[in-house]
Number of protein chains: 2
Amino acid sequence: MLPEDNVLFKNITAEDSKRMINCFNAEIKKFRAGSCITDFSASGDKIGIILDGSAVMVRYDINGVRTIVEKLGEQSIFGEFFTFTGTNRNAVEIVAETDCDIIYFKRQEILKRCEKACKCHSMVVENLLMLMSERSIALSERIEVLSQRTIEEKLISFLQITADNTPSGQTPEIPFSTTVLSDYLCVNRSALQREISRLKKAGILKLNKRKFILHHFDDIGDSTNFTSN
Amino acid sequence: MLPEDNVLFKNITAEDSKRMINCFNAEIKKFRAGSCITDFSASGDKIGIILDGSAVMVRYDINGVRTIVEKLGEQSIFGEFFTFTGTNRNAVEIVAETDCDIIYFKRQEILKRCEKACKCHSMVVENLLMLMSERSIALSERIEVLSQRTIEEKLISFLQITADNTPSGQTPEIPFSTTVLSDYLCVNRSALQREISRLKKAGILKLNKRKFILHHFDDIGDSTNFTSN
DNA sequence: AAAAATCTGTTGCAATTGCAACAAAGGAGA
DNA sequence: TCTCCTTTGTTGCAATTGCAACAGATTTTT
């Protein structure tokens, strides 16, 4: 994706966008799949936006237990400005899933009064506001999932939200492998597998590779019914 | 607190703030302790800020299980703009803990180009950005806690973050009763109580009413040690 | 194409957590 | 002060989840 096409410059002409990228001293960096994009130990207060590729924010606690904090796709933003980077008891990193192009801005550059009083400046700030709003909502969704009490509820909640966020006409898709999904739901992998198998046997979940259909179980009411066999 | 003293008007004179409160058509409402401030079913896209008092964002799922989503103190902001309001499978509400004064803004009023081109406008937007940043970090902290795998880890993580956020010189304090805390950590109350008792017996946690001291257990390394007796 | 590595799916067993029931302590209001 | 109600603290038992080990499937590398 062209740097000037990133979401921060929505509603701004390509010409102005290019000018601002200069004005902001933005940098573009490339990362290979699997490499660490940021480790939040010395990131300063840069704001990153993924132009191409995808990444995940992961945390390793002192026992080496991995948690997938967030999935970052194209146009996702990240930075210390938005993220609790944890105590010294754990390390938060952003790891490239695929090859990635990232554009970095300095937070002060975006926030400071533009000496040239460029009129597009406040549009950028508004765009940033919208991005942060979306991010807040995404974090809220994550909390919704994690606050479910059982693995089955976590899984269904996640699938439901994923399906709701899928454009109509498309088949919803789990953005992770099962192994990674278990680190996202913060549960044991084989216990998660057990629940997936149960839901499949009960006919509630159809799963083909990563594409899935979740049948409405609203009318069932009490999901513990499924656990009977 | 005076309406013009709210965080949205930081770095803006009282005079200008008052003018903008008019310009934005802000409303101030009072709520009694225990009453419902918002139920997110018809809140439109208003942004609320707590001027006085405290509240909690709660969710009830279809089985009536309660989750404390967020604790809101003075100067906290809330609104559909920031929050995943859930599927139709649950109800999210904000409930006043104490008597509350709330100021409401309409999102469009804050975001729209000010016809009078008032110069303070972009400062408000920047302040809003800072507030959202803080909120994102708070949500990240919540995810950090909920992503812990055991009750003991959830509890310690929560206490650690609470202690870290306490100004030095003050004794850290749990902002909830144990019963409510269990709904915040999304675990069973008596199971939580069991863990609290364990940590107290092990000398790691001192708890007096809601004030606590968490002794450094970094040097212990493996917290499962405490479970032995 | 073969070998290596990773991921999926399954299961028995152990550990943790939830549930229910109850006693004791603390607080609010009559 | 007494009563009622909520919260704290405890425990046995049941349900859920984690763990480990393994077989088969799938993907990647050589």
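Chain letters run A, B, ... following the sequence lines, proteins first and then strands; every chain starts at 1. Owing to the predicted nature of the structure, the values given are computational and were not obtained by experimental measurement.
What separates CD of A:Gln148 from C1' of C:dG18 is a distance of 16 Å, to the nearest Å. Protein atom CG of B:Leu146 is 14 Å distant from nucleotide atom P of C:dT17, rounded to whole Å. Rounded to whole Å, the distance from CZ on B:Arg66 to P on C:dG18 is 15 Å. With rounding to whole Å, B:Leu185 atom CG is found 15 Å from C:dG18 atom C1'. As a whole-Å value, the separation of A:Glu195 CD from C:dT10 P is 12 Å. Following rounding to the nearest Å, B:Lys154 (NZ) and C:dT16 (P) show an atom-to-atom distance of 14 Å. Nucleotide D:dT16 holds its C1' atom 12 Å from the CD atom of A:Glu153, rounded to whole Å. Separating the CD1 atom of B:Ile151 from the C1' atom of D:dG9 is a distance of 15 Å, rounded to the nearest angstrom.
With distances taken from any side-chain atom of B:Ser197 to the nucleotides D:dT10, C:dG18, C:dT10, the minimum falls on D:dT10. The listed nucleotides are C:dT16, D:dG18, D:dA21; the one nearest the side chain of A:Arg189 is D:dA21. Here the side chain of B:Arg194 is nearest to one of C:dT11, C:dC19, D:dT7, namely C:dC19.
If A:Arg149 and A:Thr178 are placed on DNA chain C by their nearest nucleotide, the residue sitting closer to the 5' end is A:Thr178. Summary of the strand contacts: B:Ala191 and A:Leu192 both lie near DNA chain D, and taking for each the nucleotide with the nearest heavy atom, the more 5' one is attributed to B:Ala191.
The aromatic rings of A:Phe31 and A:Tyr104 stand perpendicular to each other, their planes meeting at an angle above 60°, with 30° marking the opposite boundary.
Distances shorter than 4.0 Å separate none of the side-chain N or O atoms of B:Lys209 from OP1 or OP2 on D:dT8. Neither OP1 nor OP2 of D:dC19 sits under 4.0 Å from any side-chain N or O of A:Ser190. OP1 and OP2 of D:dT8 both lie 4.0 Å or more from every side-chain N or O belonging to B:Gln193. Side-chain N/O atoms of A:Thr179 include one lying less than 4.0 angstrom from OP1 or OP2 on C:dT8. For C:dC19, the OP1/OP2 oxygens have a side-chain nitrogen or oxygen of B:Asn188 closer than 4.0 Å.
Taking both residues in full, the closest heavy atoms of B:Ala26 and B:Phe105 are given as CB-CE2, 3.7 Å, listed atom of the first, atom of the second, then distance.
Side-chain atoms of B:Met1 and B:Glu74, non-hydrogen and from C-beta on, do get closer than 4.5 Å to each other.
Exactly one of B:Ile174, B:Leu181, B:Val180 qualifies for a side-chain contact (heavy atoms from CB on, under 4.5 Å) with B:Ser177. That residue is B:Val180.
Using modelled atom types and a 3.5 Å distance limit, the side chains of A:Thr67 and B:Arg149 yield a donor-acceptor pair.
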